[in-house]
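In what follows, every chain begins at residue 1, and chains take the letters A, B, ... in the order their sequences are listed. What you are looking at is a predicted structure, and each value in this text was computed from that prediction instead of being measured.
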There are 2 protein chains.
Amino acid sequence: MAKRGDATRKKIQDAAEELFAARGFYGVTVREITRLAGVDTALANYYFGSKKNLFDSVLLRRAEGLNEARLKALEDVEREAGDNPPDLERVIDAFTHPLLDRSERGGPEWKSYFALIAQVNNSPEWGGRMMTEYFDPLVRRFIAAIKRALPNTPDEEIYWAYHFLSGALVLTFAETGRIDNLSDGLCRSSDLESVHRRLPPFIAAGFRALKERDNEKP
Amino acid sequence: MAKRGDATRKKIQDAAEELFAARGFYGVTVREITRLAGVDTALANYYFGSKKNLFDSVLLRRAEGLNEARLKALEDVEREAGDNPPDLERVIDAFTHPLLDRSERGGPEWKSYFALIAQVNNSPEWGGRMMTEYFDPLVRRFIAAIKRALPNTPDEEIYWAYHFLSGALVLTFAETGRIDNLSDGLCRSSDLESVHRRLPPFIAAGFRALKERDNEKP
DNA sequence: GTCTATAGCTTGATAGAC
DNA sequence: GTCTATCAAGCTATAGAC
């Protein structure tokens, strides 16, 4: 049922994704977007109504399928665990791997998308509202699984640990080249495979440390 | 030796800090800044030459004193350790506490400054260059201390673990309200004291997990 | 659906009076 | 040092021809 203007619509979204990812919402003009897309300027407003609507549509476009894939990964981990608590590291991997995998192997559009998420996530203006809107149902599902993996851990510790996980994961997507500079080239921002190997054990150990820290209280 | 125009200069920087923190470089106009500062529009260009220069000056303004305080905190930890390796958790605390403390107790200008850092850090356009420029010498000093605290850990693990630390810390500064939504009010973005108590043990456990992970290799 | 043309504003920056 | 006045450029958004 592909309509006539669907290709144009997609070209505009693709160009918007790339440019918003690089310079954020205000750093890009509608004219730049349509120029990169190779279509007339007026078409951006024809299809999306406003620049802000276009921005939202770009963020929303990949969120749904992404969340489905992550939910499926979590369900696989839980099914294998059966009646036992799921393994914490595997839960975290189900949360992060579908993202890292698409950024690494999904082509440049996915890289742009995640770089855009990295900016939105750390924006006081949009981070709270947009990330909540697009990702909270899934995140709540994961937090429930983490609670089963770490019984007797106070909720507060779980939420703060999730916050640290979110920050570490999302900075990765920005691929700013900072770690390249800092390590004099030993590590590369673009090497998401390295993150995939290290992030789950790193974060799982952090979660367990907060649990222990709490159990030691008088 | 306070010159005549120093007060105006500071008013412009203060207003710029607040607005850039909220909406980023492109999301703010010079006119808005000078309006909030209560001075004439032309003075921003008179004192700073360009909008970009003003932005840079705002970032630089607090960086130097901040790095001095963090270096002093690290030196205190190292002095107490004497010839022994310093305690990892205390090294991380020396890295993070001067920041969290100023954001929590330094007044709204410090809050704005760190929120601005949170945006710059995750920006593909500026994150790599600016953070490297303003903070790398200090970060390299801390990484050397972490290496002493965790002997026989491959450098690659250290750099990636630092990357995760940076992401977790810096998302905190954005104070987006996301954790408030997610936890239904149990945790608050603005509660940096909670982060101060949890971040060092969380991150230290992560560092150790990467070290172990590597030692287990065949 | 796509284009031209343009309305109506705002932008960063500066020249020059005081 | 501070202000008014203004420039040239660019902005989002839309009306209307095709």
Side-chain angles (χ1 to χ4, degrees), chain A residues 1-61 112 116 119-120 123 125-126 129-130, chain B residues 1-61 112 116 119-120 123 125-126 129-130:
Chain A
M1 282 299 182
K3 285 180 199 154
R4 176 77 176 76
D6 279 4
T8 304
R9 220 185 133 82
K10 183 176 179 321
K11 274 192 284 188
I12 294 169
Q13 285 182 315
D14 288 347
E17 190 168 61
E18 180 178 336
L19 292 171
F20 284 143
R23 291 196 302 279
F25 178 74
Y26 301 108
V28 175
T29 68
V30 175
R31 282 169 153 79
E32 282 180 279
I33 293 169
T34 50
R35 198 183 312 138
L36 180 62
V39 305
D40 191 89
T41 307
L43 293 177
N45 287 298
Y46 174 75
Y47 281 107
F48 299 97
S50 72
K51 181 184 175 184
K52 188 57 171 39
N53 262 356
L54 170 57
F55 186 73
D56 286 346
S57 88
V58 165
L59 273 168
L60 190 55
R61 179 165 67 144
S112 290
L116 181 52
Q119 294 207 55
V120 170
S123 147
E125 192 179 10
W126 291 318
R129 186 180 65 77
M130 284 196 168
Chain B
M1 281 301 179
K3 285 180 199 154
R4 175 76 175 79
D6 280 4
T8 304
R9 222 186 130 82
K10 181 176 179 322
K11 275 193 282 187
I12 294 170
Q13 286 181 314
D14 288 346
E17 190 168 62
E18 181 178 336
L19 293 171
F20 285 143
R23 290 196 303 278
F25 177 74
Y26 300 109
V28 176
T29 67
V30 175
R31 284 170 157 81
E32 282 180 278
I33 292 169
T34 50
R35 198 183 313 138
L36 179 62
V39 306
D40 191 272
T41 307
L43 293 177
N45 287 297
Y46 174 76
Y47 281 106
F48 299 97
S50 72
K51 181 184 175 185
K52 188 56 170 40
N53 262 357
L54 169 57
F55 186 74
D56 286 347
S57 89
V58 165
L59 274 167
L60 190 56
R61 179 166 66 145
S112 290
L116 181 52
Q119 294 207 54
V120 170
S123 147
E125 191 178 11
W126 291 318
R129 185 180 67 77
M130 284 197 168

*Asks:* A:Ile12 and A:Ile33: which non-hydrogen atoms are nearest, and at how many Å?
*Replies:*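 Smallest interatomic distance, heavy atoms only, reads O-CG2, 3.7 Å.
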
*Asks:* Nearest-Å distance, CZ (B:Phe55) to P (C:dG12)?
*Replies:*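 Value for this atom pair: 14 Å.
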
*Asks:* To the nearest angstrom, how far is B:Arg35 atom CZ from D:dT2 atom P?
*Replies:*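 Rounding to the nearest Å, CZ of B:Arg35 and P of D:dT2 are 19 Å apart.
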
*Asks:* I need the CD1-P distance between A:Ile33 and D:dA13, as an integer number of Å.
*Replies:*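 Whole-Å distance recorded here is 11 Å.
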
*Asks:* For a quick test of reading the model, state the closest non-hydrogen atom pair linking A:Arg23 to A:Gln119 and the distance between them.
*Replies:*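 Scanning both residues completely, I find the closest heavy atoms to be N-NE2, 4.1 Å.
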
*Asks:* Any chance you could measure A:Asp56, atom CG, to A:Met130, atom CE, to the nearest 0.5 Å?
*Replies:*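 CE of A:Met130 is found 4.0 Å from CG of A:Asp56.
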
*Asks:* Tabulate protein N/O versus nucleotide N/O from nucleotides 13-17 of chain C, keeping only pairs under 3.5 Å, one per line.
*Replies:*
unit_1: C:dA13; atom_1: OP2; unit_2: B:Asn45; atom_2: OD1; d: 3.3
unit_1: C:dA13; atom_1: OP2; unit_2: B:Lys51; atom_2: N; d: 2.9

*Asks:* Looking at B:Asp6 and B:Lys10, is any side-chain nitrogen of the basic one under 4.0 Å from a carboxylate oxygen of the acidic one?
*Replies:*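 Salt bridge absent between B:Lys10 and B:Asp6.
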
*Asks:* Would you indicate, yes or no, if C:dG1 has its OP1 or OP2 atom less than 4.0 angstrom from a side-chain nitrogen or oxygen of A:Thr8?
*Replies:*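 No, outside the criterion.
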
*Asks:* What integer distance in Å separates B:Asp6:CG from D:dG1:P?
*Replies:*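 Rounded to the whole Å, the gap is 8 Å.
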
*Asks:* Could you check whether the rings of B:Phe25 and B:Phe55 sit parallel, tilted or perpendicular, using 30° and 60° as the cut-offs?
*Replies:*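 Ring orientation of B:Phe25 relative to B:Phe55: perpendicular.
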
*Asks:* D:dG1, D:dC11, C:dG1: which one has an atom nearest the side-chain heavy atoms of A:Tyr47?
*Replies:*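 For the A:Tyr47 side chain, the nearest candidate turns out to be C:dG1.
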
*Asks:* Please determine whether side-chain contact (heavy atoms from CB on, under 4.5 Å) holds for the pair A:Phe48 and A:Val58, giving the CA-CA distance in whole Å, both sets of side-chain angles, and the decisive distance to 0.1 Å.
*Replies:* CA-CA 10 Å; A:Phe48 299 97; A:Val58 165; over 6 Å; no

*Asks:* Using whole Å, what does the distance between atom P of nucleotide C:dG1 and atom CD1 of A:Ile12 come to?
*Replies:*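 My rounded result for the distance is 12 Å.
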
*Asks:* Take atom CZ of B:Arg9 and atom C1' of D:dT2, then tell me their distance rounded to the nearest Å.
*Replies:*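 Result: 16 Å.
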
